[in-house]
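Quick caveat, the model's predicted, so the values are computed rather than measured. Every chain is numbered from 1 and lettered A, B, ... according to where its sequence line falls, protein lines coming before strand lines.
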Amino acid sequence: MENPNRRELPKAYDPTAIEDRWAEYWVRERLFHVETPEAGVIEKLRAAGHDVFTILLPPPNVTGRLHMGHMLNQTEMDILTRWRRMRGDLALWLPGTDHAGIATQMMVERQLASEGKKRQQMGRESFVERVWEWKRHYGGAILEQMKRLGASVDWSREYFTMDDNLSVAVREAFVRLYEQGLIYRGAYIVNWCPRCQTAISDLEVAHEEQQGKLWEIRYPVVGAPGEFLTVATTRPETMLGDVAVAVNPMDERYLPLHGKILKLPLVGREIPVITDDWVKSDFGTGAVKVTPAHDANDFAMGQRHGLPQINVMDETAHMNAEAGTYARLDRYAARKRVLEDLEAQGLLGAVRDHVNAIGKCDRCKTVVEPRLSTQWFIAVNKQPKDGGASMAELAIAAVKADGAGEKAIRFTPENYEKIYLEWMTNIYDWCISRQLWWGHRIPAWHCVACKQITVAREDPAKCAHCGSAEITQETDVLDTWFSSGLLPVSVFGWPRHTRNFDVFYPTQLLVTGFDILFFWVARMIMLGCWFSQDEPAADGSKRALKDTVPFREVYIHALVRDAERQKMSKTKGNVIDPIEIVERYGTDAVRFTLASMASPGTDIAFSEARTEGYRAFANKIWNAARFIFMNVEKAREAGITLERGTLGQMPAAGESDPIEARWIVAELNHAAQEVDEALATYRFDDAANAVYQFFWGDFCDWYLEIVKLRLDFSEAADRAATEQALATLLQTFEEALRLLSPFMPFLTEELWHAIYEDDVPAKSIALTRYPQPAEIDEAVRRDFARVQELIVAVRALRKDIGVEEKVAAPIRVRATWDGLPFTANLEVIQRLARVSTVETVTGALTGSGIRSTPNFDVQVVYERKVDAAAERERLTKDLAKQEKALAAAERQLNNPAFLAKAPEAIVEGLRKQEADTRVLMEKTRKALEELG
RNA sequence: GGGCGGUUAGCUCAGCUGGUUAGAGCGCCUGCCUUACAAGCAGGAGGUCGCAGGUUCGAGCCCUGCACUGCCCA
């Protein structure tokens, strides 16, 4: 009778045939949805030794397309989340996207440009509507890609940083900080992108070294014809805005000029010579022009000396009316003209090559212009009115070890802690206003009448100061990182104090790249600690610092580079598209590649050769399944009923079971333990290698080969033994699939359903329990290792003396230790080493074709002539190695200091090694002699 | 200029608080289509751990200097 549930797996593994189906199934069935637990549930969970595991997806930009960095990030988070979930934790992985102010606005502006339109023509409102439209249309692309990759997130909780509830949080945060006196507005030098026409933060500026020039310009001294003070500058065009020239007060060369007045060339303005410690005498001529409106250092100097600020450029970095005849010229055209004019007037001095670092806009690569403008800032170093710690101080305390050595937030790799602290210690106020249209509009209103500012939670109808109804809202929006910095609190409902907040805050872990360590990680810590300190803990008590943090651990992942270790970049054209690779090799293989290379702190050179290897691994698993299912079918045909009741439990094996059963159970436990240990410390590479080695090296190469011996379905066979073997095989395989499942979710899901012939005990393998390591039977591992050693020795010998593959040859074994595993497992040895008969001897072996180890001597008996030359070469090499090892051991053992100081176990081990080596050397010498 | 990494097999990388003969994958060589898998099986070759000192009974691992290289910040 044909079983209708019978699975007929295709011969080769084909990921495309299964992955889309499961990806869709996981989403449709809402498998990873987490209901907010009612009161008492968490306590029960904790009492049972489990915990809440909350992890926030670093929200990709709505403009984003999935790249390898995302895939690595998501693979790591998914492995951890699936692992924790299967271990019984309440695992919530929360997805969402970021509105990405500048990036998105640029994207839509570009689209408009292709239609010949500009946003200024459309007006703010319709432009913003247009961006929303764009977002609705394309904004979900990256999350769709994520779904395809099987990320086990709770899609029902998906957020967008401009959602209403998150916007409420942004507004509350702003108002509260304003009320606390920690947000201020003022005219300062900021980094200005002339293309984006907005201020950007220090972090959004990328510095690049560039070969430039240092020009010397002579400024005539008023009242001293023919006298000049020569300044050196890298930006001659800004001289039009000069208000002074500064020298170091200690610089003796310029002592006579102190207090003198200079005539600014080209402009004619009279400006003073001032002294300031900031000026370095050894740079250039030791005299610098002071342009407070166009340089951050000059701005500070101007403040110190009460100098005016003259802005000579507009928001597009073209010269303005203040620049006189240079007005409307682009900054570089102006530079050229200024230099020409100076030259013509004989005021241009030496011109030297000079390497300087210029800042470029992170987004559009335009050279940033330091610009004097009115912006909003967060005073991160300011003490609040009540005298508590500043934001930065809180953010430092959250990471630094306290008196007891405890850290509220732990970084992996650890060195990022230092980098973070270094930055946080030297942090400047954060410019949070952006002159964009797409983003959270700053909730501040300017009064036309009294010029004062009203900041409010609800849109005000009139000025809070004078009551005038003539108020207009601030046009600036907030830095994108302000809203994403609030995510750990806002996604759980803050500023409302919700059940979600009680249960899920602080989150457990943040997995992200170092590139947004300051942008995002640092801001989340600042804002998270700041606002949650006012939220009572779940039990109503005051929240301790360790419970104010947005996450307890931060795992900083590596950068994915190309196979040549080059950074991937569009301009280099070496970007590897993960979707394309996934289509070629399957998601599981790509995930496994990334995991196996994800060693903390080391960049990943992504190589397709590795991926090919892991696709082969997937195929291996697939075929192991085919083999097993084939035997299940054979059993069915032979009328053997399968005990399926144990399926889903960790297999156990006792004295009565054959060696391979006891051994594979031990190895399974061992692997499960290794994976647990590795994942607990973010050693994805070790974890992946452990399951790989277990499945391929142990399960397939040894266990399956031996189990073939037991799967005898003939009439004459021992039915009970066959049945038992098949049960252990199935049980172990099922367990192995679960072990593999966080790494290769698709393949394991498919095969797991197949094992149960679709009569599954759960909707998904992802909802079953992870293998719980039990005690490992070390004795059977040791015994089996010797059997393996013997089999390998025989195989090698057969090769050496040229025994044909098909021929089974007799062997003679002399065990030099209790050789029970040999005699008890003759059939195993016979099958795996292709041995006809095994003769156990007690005396020394003579003749050729002998191998020796400390545990046994073995000889393959075969009439074929040994290749004496090759054999001699091998033995000579062996002997040399042994001599070296012996010498090394003896050197130590003859050293009284070593014997006195080294631990007992080391000395004992070395003694045994020395003795073993001596015996082996003896045998090797004898073998060489016999060769003649 | 300040800071942080890296240098281990042909390639890409592991190597835990210093401890017995330094590992993996890929590649390479040899032999096998052994009815789960040639995306496979079996056997093998290949490393003075960047260089020079030092500490130690003992150094790939700790210290100092140097060389090369990458990144972050200013």
Counting only Watson-Crick pairs (N1-N3 plus N6-O4 or O6-N4) and G-U wobbles (N1-O2, O6-N3), all under 3.5 Å, who is the partner of B/A14? none
Would you mind telling me which of B/G19, B/U20, B/U12 lies closest to the side-chain atoms of A/Met597? B/U12
Short side-chain N/O contact from A/Lys708 to OP1 or OP2 of B/A36, under 4.0 Å: yes
Is any side-chain N of the basic residue among A/Glu757 and A/Arg636 closer than 4.0 Å to the acidic one's carboxylate O? yes
Under 3.5 Å, is there an N or O donor on one side and an acceptor on the other linking the side chain of A/Glu705 and the base of B/A42? no
Please pick, from B/A14, B/A38, B/A36, the nucleotide with the shortest atom-to-atom distance to any side-chain atom of A/Lys11. B/A38
Atom CG of A/Leu886 to atom C1' of B/U21: distance rounded to whole Å? 12 Å
Between B/U20 (P) and A/Leu920 (CG): distance, integer Å: 19 Å
Tell me whether A/Glu417 is salt-bridged to A/Arg410, with the criterion being a basic N under 4.0 Å from an acidic carboxylate O. no
d(A/Cys700 SG, A/Ile621 CD1) to nearest 0.5 Å is 8.0 Å
Among B/C57, B/C72, B/C37, the one nearest A/Arg626 by side-chain distance: B/C37
Please tell me if the side chains of A/Lys708 and A/Leu711 come closer than 4.5 Å, counting only heavy atoms from C-beta onward. no
So what does A/Arg911 hit on the nucleic acid, given a heavy-atom distance under 4.0 Å: a base, only sugar-phosphate, or nothing? nothing
Treating A/Arg798 as the side-chain partner and A/Val807 as the backbone partner, does any N or O pair qualify as donor plus acceptor under 3.5 Å? yes
If you check every side-chain atom of A/Ala796, which of B/G44, B/U21, B/A36 has the closest atom? B/G44
Ion pair check, A/Asp295 and A/Arg235, cut-off under 4.0 Å: no
Polar side-chain contact A/Lys877-B/A45 base: donor and acceptor under 3.5 Å: no
When all nucleic acid strands are considered with a 4.0 Å heavy-atom cut-off, which category describes A/Pro896: base, sugar-phosphate, or nothing? nothing
Counting side-chain heavy atoms from C-beta on, which of B/C57, B/A14, B/G43 comes nearest to A/Ala897? B/C57
Can you give one letter per nucleotide of nucleotides 23-33 of chain B, going 5' to 3': B for a protein heavy atom under 4.0 Å from the base, S for sugar-phosphate only, - for none? --SS---BBSS
Quick check for you: among B/C4, B/G58, B/C37, whose closest atom lies nearest to any side-chain atom of A/Ile419? B/C4
Taking OP1 and OP2 of B/G15, is either one under 4.0 Å from a side-chain nitrogen or oxygen of A/Arg683? yes
Would you say A/Lys620 reaches B/C41's phosphate, i.e. side-chain N/O to OP1/OP2 under 4.0 Å? yes
Is there a salt bridge (charged side-chain N to carboxylate O under 4.0 Å, His left out) between A/Arg584 and A/Glu608? Walk through the geometry before answering. CA-CA 10 Å; A/Arg584 294 223 307 276; A/Glu608 281 191 40; 2.4 Å; yes
